[in-house]
Engineer: 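Take this structure, written in structure tokens, and hold onto it; I'll ask about it next.
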Amino acid sequence: MASDPVRQKTQFEEDGFVIIPGLISPEDFPRLEQASADVISRTREGSWPHRRTVGKQFPPYDAKNPDSWGVQHVMHPDLGQPAFAQWYTSTALINAVQNLLGCDDQLQMELFNLLINPVSHNFALRWHRDDIGGDATEAEERRALDAWKPYGIQWNTALYEDSCLFVVPGSHKVPRTPEQRIHSEGPDAPADPLDMPGAIRVSLRPGESVFYNSNILHCAAYDAQAPRATLHATMGNTTGGSVRARNILQHGLSWMKEAQFRDGLDPRGKDMLGRLLELYNATGDDVGYSLTG
Ligand SMILES: O=C(O)CCC(=O)C(=O)O
Ligand SMILES: [Fe+2]
């Protein structure tokens, strides 16, 4: 775990991920815990339709399946939990993102979801990169990896201990080896994620965040017995333009255009939202699907 911003950025660039502690203040922690408990129960009882359901790795999700591994759109005003937007725009978090992306004032609001344990089925995601298909040829993979720019970032911040995520450090820069391809081409999740050459398990203590490059090879395994409430979000840099649009607008963010949402944000949040809405207006909803987000 790197403690100073320069080392954090270097680690993020070299390994494709970095763990950073302390981005939730002691005051915010119980607020986020309580807000998460509320949206998790709404999701599990079926009254929140925006969720990631067991059996499906990528959108669109199966709305009829009740068991869920994620809650989508936690800042949505219909959920009535302002703690999420307050934290998403908090100074410690913004500073960490700006440092890792190497930008100042151009952050745009994007996705904010919650990753949770399913209750009645264990479930796992297969090895993947978020924006490059598992069937990409080596040349296609190299082209896409080489074209990556620091236009956006995603992270997981654990409220409870979380050991669900596995990554291959450094894989965000290089095409898969023939053996790594064998472990990531098919539709199935691995029996043991650590069979993937180079894989490590990412374990977070409560309050720790892992920031990761969406091109890193990663997978996740969800244990129905192990409580998970992990904040899962992305932020972009406006210089990304339509490159970011493809990743995020597919998730159905039109609710973010409503005054009710905007009115609940602080000045920084309003600025960040304004930058997203500019992208929205320039691109529209019809951006097609990328793999995940
Ligand atoms: O559950 C996780 O930590 C990873 C989720 C993931 O890979 C995704 O949403 O694409
Ligand atoms: Fe992913």
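Atoms within a ligand are numbered from 1 in the order they appear, just like the ligands themselves.
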Engineer: Does only the side chain of R52 get under 4.0 Å from ligand 1, or the backbone, or both, or neither? Count heavy atoms.
Structural biologist: side chain

Engineer: Which residue is it: I19, T157, L159? I am looking for the one with a side chain to side chain contact (heavy atoms under 4.5 Å, CB included) to L204.
Structural biologist: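 So the option named by the test is I19.
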
Engineer: For atom 3 (O) of ligand 1, which of R129, H218, R228, R126 has the closest heavy atom?
Structural biologist: R228

Engineer: Specify side chain, backbone, both or neither for N156, according to which of its non-hydrogen atoms lie closer than 4.0 Å to ligand 1.
Structural biologist: side chain

Engineer: Using a strict cut-off of 4.0 Å, indicate which atoms of ligand 1 neighbour a heavy atom of H128.
Structural biologist: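 By the 4.0 Å cutoff, the relevant atoms are 7 (O), 10 (O).
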
Engineer: Is there a heavy atom in H232 that sits closer than 4.0 Å to ligand 1?
Structural biologist: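 For ligand 1, residue contact (heavy atoms, under 4.0 Å) with H232 is present.
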
Engineer: For ligand 1, which is the ligand I care about here, please tell me if Y212 has any N or O atom under 3.5 Å from one of the ligand's N or O atoms.
Structural biologist: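 Among all N and O atoms of Y212, none is under 3.5 Å from an N or O of ligand 1.
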
Engineer: Looking at the rings of F261 and W255, which for Trp means the six-membered one, are their centres under 6.0 Å apart?
Structural biologist: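 When the ring centroids of F261 and W255 are compared, they turn out to be within the sub-6.0 Å range.
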
Engineer: Side-chain contact test, heavy atoms from C-beta onward, threshold under 4.5 Å: evaluate it for Y61 versus S68 and give yes or no.
Structural biologist: no

Engineer: Are L217 and W148 connected, step by step, through hydrophobic side chains (Ile, Leu, Val, Met, Phe, Trp, Tyr) whose heavy atoms are closer than 4.5 Å?
Structural biologist: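 L217 does not cluster with W148.
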
Engineer: Show, in sequence, the C-alpha distance, side-chain angles and deciding distance for F12 and F211, and conclude whether the ring-ring contact (aromatic ring centres under 6.0 Å, His included) test is met.
Structural biologist: CA-CA 8 Å; F12 175 65; F211 290 83; 7.5 Å; no

Engineer: Any heavy atom of Y222 closer to ligand 1 than 4.0 angstrom?
Structural biologist: yes

Engineer: Under 2.8 Å from the Fe ion (ligand 2), is there any N, O or S atom belonging to H218?
Structural biologist: yes

Engineer: Measuring only between side-chain heavy atoms, which start at C-beta, is Q81 closer than 4.5 Å to Q34?
Structural biologist: yes

Engineer: Which atoms of ligand 1 have any heavy atom of L115 under 4.0 Å away?
Structural biologist: 1 (O), 2 (C), 3 (O)

Engineer: Can you sort out which atoms of ligand 1 are near L125, meaning under 4.0 Å from one of its heavy atoms?
Structural biologist: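 Every atom of ligand 1 under 4.0 Å from some heavy atom of L125: 5 (C), 6 (C), 7 (O).
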
Engineer: Pairs of donor and acceptor atoms involving the side chains of residues 185-199, under 3.5 Å and at least two apart or interchain, shall be tabulated with distances.
Structural biologist:
| residue | atom | partner | partner atom | Å |
| --- | --- | --- | --- | --- |
| E185 | OE2 | R181 | NE | 3.0 |
| E185 | OE2 | R181 | NH2 | 3.3 |
| D192 | OD1 | L194 | N | 2.9 |

Engineer: To the nearest 10 degrees, could you say what angle the Fe ion (ligand 2) makes with OD1 of D130 and NE2 of H128?
Structural biologist: 90°

Engineer: Can an N or O of W69 be found at a distance shorter than 3.5 Å from an N or O of ligand 1?
Structural biologist: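 Among all N and O atoms of W69, none is under 3.5 Å from an N or O of ligand 1.
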
Engineer: Less than 4.5 Å apart, any side-chain heavy atom of W48 and any of D78?
Structural biologist: yes

